[in-house]
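Report on one structure; see the data block that follows.
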Amino acid sequence: MPQTSALYGFEFTRCFSAAGLLFQPVESDHTAAKKLARTLNAHKLTGTVSGPELTKEMLFQLECVLSFIEHLDVLASEPENAEDAADNPRNYFESELIVRPRNNGGGAVLGSDAFNPWRNSRQLFIELALNHLADEQFCQSTRFKSLLFKCVETFRQRQPFLEISYFLLISGLEAFARATQNDYQSKNAAVPITKTLQNYGFAIHQDNPKDLARSVSTYLHIRNALFHQGDFSKTVQINNDTVTLNCTEYLFSLSMLVSLAIMKAIGFDDGHTNWDCWIDRQLHK
């Protein structure tokens, strides 16, 4: 008998299968589904997930994957064994959970399944992400699991702290890049990070004085200021000019770049993602 868990805070409007799991929404209307999923003061029941064996580890990973998609905290309940739990979720599960406030991580990174051309984007990402998380060799050799969970933890914090969010993102990216490049010798973390991101096709450089947002050294200068001096900005000399790099100015680009790198790492490409959105802020083509 398949087990069924409730999903709280994940937006979807149609049934689909991914990684051996069946997802069923409670709302097929996009407006209603989005309202439930984006509520910030509670986790609203938005659907169910069913499978032959929903282990705690599987549900833990699923929460992370769905939270990444929404860039909002998503929860999964303990599984029910009742045959009709998926078809009648309100008979078995609470309509909402008030666990902690949900911190908006900047908006969902994948489009709603209610509209083409993003109809299958979420399904595709869930399939790829869960399969890669289940691949222990891949996760160990790339530190992918750490990268994904650190990205998600930036908005799972009870109260987001800018410096903690920045640390989670940059440390996860550095560890992932060093593992991917098998480069634990370079003293400058910009070397493996730049190689990894360029291999994924990102227009980024180790140093680019003419476009600081595309310069890996920019993000590392800010990291050093945050964690060595406790400052949220760093003043540097670039081409004989004094330039101040502010953490708040570059946090969005770093966060989105890490999110896009996660997608690239598992081979996700729905054909509609704008891979330069970490610069121009236009998520879709």
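Sequential numbering from 1 along the given sequence is applied to the chain's residues.
Looking only at distances, a side-chain donor or acceptor of Ser112 sits under 3.5 Å from a matching main-chain atom of Ala114. No side-chain donor-acceptor contact under 3.5 Å links Asn131 to the backbone of Ala134. Side chain of Arg102 to backbone of Asn41: no donor-acceptor contact under 3.5 angstrom is found. At least one donor-acceptor pair closer than 3.5 Å links the side chain of Ser5 to the backbone N or O of Ser77.
Using a 4.0 Å cut-off between charged nitrogen and carboxylate oxygen, Lys35 and Asp29 do not count as a salt-bridge pair.
A pairwise comparison of heavy atoms in Glu127 and Ala19 identifies OE1-N, 2.6 Å as the closest pair. Residues Gly107 and Arg38 approach most closely at CA-NH2, 3.5 Å, considering heavy atoms. Taking all atoms of both residues into account, the shortest heavy-atom contact from Ser233 to Asn246 is CB-OD1, 3.2 Å. The shortest non-hydrogen separation linking Glu57 to Lys145 is OE2-NZ, 4.2 Å. Among all heavy-atom pairs drawn from Gln206 and Asn188, the shortest one is NE2-ND2, 3.5 Å. For the residue pair Arg143 and Ala175, the shortest heavy atom distance occurs at CG-O, 3.9 Å.
Partners of Ile266 according to the side chain to side chain contact (heavy atoms under 4.5 Å, CB included) rule, which considers only residues two or more places apart in sequence or in another chain, are Phe125, Leu128, Ala129, His132, Phe144, Phe268. By the ring-ring contact (aromatic ring centres under 6.0 Å, His included) test, Phe167 pairs with Phe227, sequence neighbours left out. When the side chain to side chain donor-acceptor pair (under 3.5 Å) test is applied to Thr273, the partners found at least two apart in sequence or on another chain are Asp270. Under the ring-ring contact (aromatic ring centres under 6.0 Å, His included) criterion, Phe60 pairs with Phe149, sequence neighbours left out. In this structure Asp135 satisfies the salt bridge (Lys or Arg N to Asp or Glu O under 4.0 Å) test with no other residue, sequence neighbours excluded. Judged as a salt bridge (Lys or Arg N to Asp or Glu O under 4.0 Å), and not counting sequence neighbours, Arg281 has no contacts. Partners of Asp231 according to the salt bridge (Lys or Arg N to Asp or Glu O under 4.0 Å) rule, which considers only residues two or more places apart in sequence or in another chain, do not exist here. A search for salt bridge (Lys or Arg N to Asp or Glu O under 4.0 Å) contacts involving Arg119 returns nothing, not counting sequence neighbours. Residues satisfying the side chain to side chain contact (heavy atoms under 4.5 Å, CB included) criterion with Glu136, sequence neighbours excluded, are absent altogether. Shown here are the side chain to side chain contact (heavy atoms under 4.5 Å, CB included) partners of Gln198, two or more places apart in sequence or in another chain: Thr194, Ile204, His205.
Expressed to the nearest 0.5 Å, how far NE2 of His272 lies from CG of Asp269 amounts to 9.0 Å. Atom-to-atom distance recorded for Ser217:OG and Asn208:CG is 8.5 Å, nearest 0.5 angstrom. Atom CG of Asp84 sits about 7.0 Å away from atom CG of Asn91, to the nearest 0.5 Å. Note: Trp118 CH2 to Leu124 CG = 15.5 Å, rounded to the nearest 0.5 Å. Here Ile170 contributes atom CD1 and Arg223 contributes atom CZ; the two are 6.5 Å apart, rounded to the nearest 0.5 Å. For the atom pair CG of Leu40 and CG of Asp73, the computed distance is 11.0 Å after rounding to the nearest 0.5 Å.
Within a 6.0 Å sphere centred on CD of Gln185, heavy atoms belonging to other residues, nucleotides or ligands number 12 at most. Other residues, nucleotides and ligands place no more than 12 heavy atoms under 6.0 Å from the NZ atom of Lys195. Within a 6.0 Å sphere centred on CD of Gln237, other residues, nucleotides and ligands contribute more than 12 heavy atoms.
Checking Thr46 against Glu27 by side-chain atom types alone, no donor-acceptor pair falls below 3.5 Å. Asp183 and Ser186 share a donor-acceptor pair across their side chains, judged by distance under 3.5 Å alone. No hydrogens or angles considered: a donor-acceptor pair under 3.5 Å links the side chains of Ser50 and Thr4. Ser171 and Lys150 share a side-chain donor-acceptor pair at under 3.5 Å. Arg14 and Gln123 are linked by a side-chain donor-acceptor pair at a separation below 3.5 angstrom, with hydrogens and angles left out of the test. A donor-acceptor pair shorter than 3.5 Å can be found between the side chains of Ser165 and Gln157. With 3.5 Å as the limit, one finds no donor-acceptor pair spanning the side chains of Gln282 and Asn274.
The side chain to side chain contact (heavy atoms under 4.5 Å, CB included) test with Leu110 singles out one residue from Glu70, His284, Met263, and that residue is Met263.
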* side chain to side chain contact (heavy atoms under 4.5 Å, CB included) between Gln3 and Glu78: does it pass, once the steps are laid out? -> CA-CA 9 Å; Gln3 295 178 303; Glu78 290 292 324; over 6 Å; no

* To do: Please lay out, stage by stage, how Tyr219 and Tyr166 fare under the test side chain to side chain contact (heavy atoms under 4.5 Å, CB included).
  => CA-CA 9 Å; Tyr219 302 95; Tyr166 200 96; 3.4 Å; yes

* Just do the salt bridge (charged side-chain N to carboxylate O under 4.0 Å, His left out) check on Glu96 and Lys44 with the steps written out, would you? => CA-CA 4 Å; Glu96 69 176 35; Lys44 299 284 189 177; 2.5 Å; yes

* Start with the C-alpha gap between Arg156 and Cys64, add the side-chain angles, then the distance that decides, and say whether side chain to side chain contact (heavy atoms under 4.5 Å, CB included) holds. => CA-CA 10 Å; Arg156 274 182 170 172; Cys64 179; 4.3 Å; yes

* **Phe176 vs Ser146, side chain to side chain contact (heavy atoms under 4.5 Å, CB included): CA-CA, chis, key distance, verdict** => CA-CA 8 Å; Phe176 175 76; Ser146 175; over 6 Å; no

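Follow the hydrophobic side-chain contacts under 4.5 Å out from Val191 and you never reach Val216; the two are in separate clusters. Linking ILVMFWY side-chain heavy atoms closer than 4.5 Å, directly or via other members, places Leu226 and Ile164 in two distinct hydrophobic clusters. Leu72 and Phe68 fall into different hydrophobic clusters, defined by Ile, Leu, Val, Met, Phe, Trp and Tyr side-chain heavy atoms under 4.5 Å apart, directly or through other members. Under the 4.5 Å side-chain contact rule for hydrophobic residues, Leu22 and Phe10 do not share a cluster. In this structure, Leu220 is a member of the same hydrophobic cluster as Leu173, with clusters built from ILVMFWY side-chain heavy atoms closer than 4.5 Å.
Clustering of Ile, Leu, Val, Met, Phe, Trp and Tyr by side-chain heavy atoms under 4.5 Å joins Leu97 with Tyr8, Val26, Leu36, Leu45, Leu75, Tyr92, Phe93, Val99.
Ring geometry, Phe23 versus Phe16: the interplanar angle falls under 30°, so the pair is classed parallel (tilted spans 30 to 60°).
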Validation: residues 248-262 side-chain donor-acceptor distances under 3.5 Å, sequence neighbours left out:
| residue | atom | partner | partner atom | Å |
| --- | --- | --- | --- | --- |
| Ser253 | OG | Trp278 | O | 2.8 |
| Ser259 | OG | His71 | NE2 | 3.3 |
| Ser259 | OG | Ser255 | O | 3.1 |

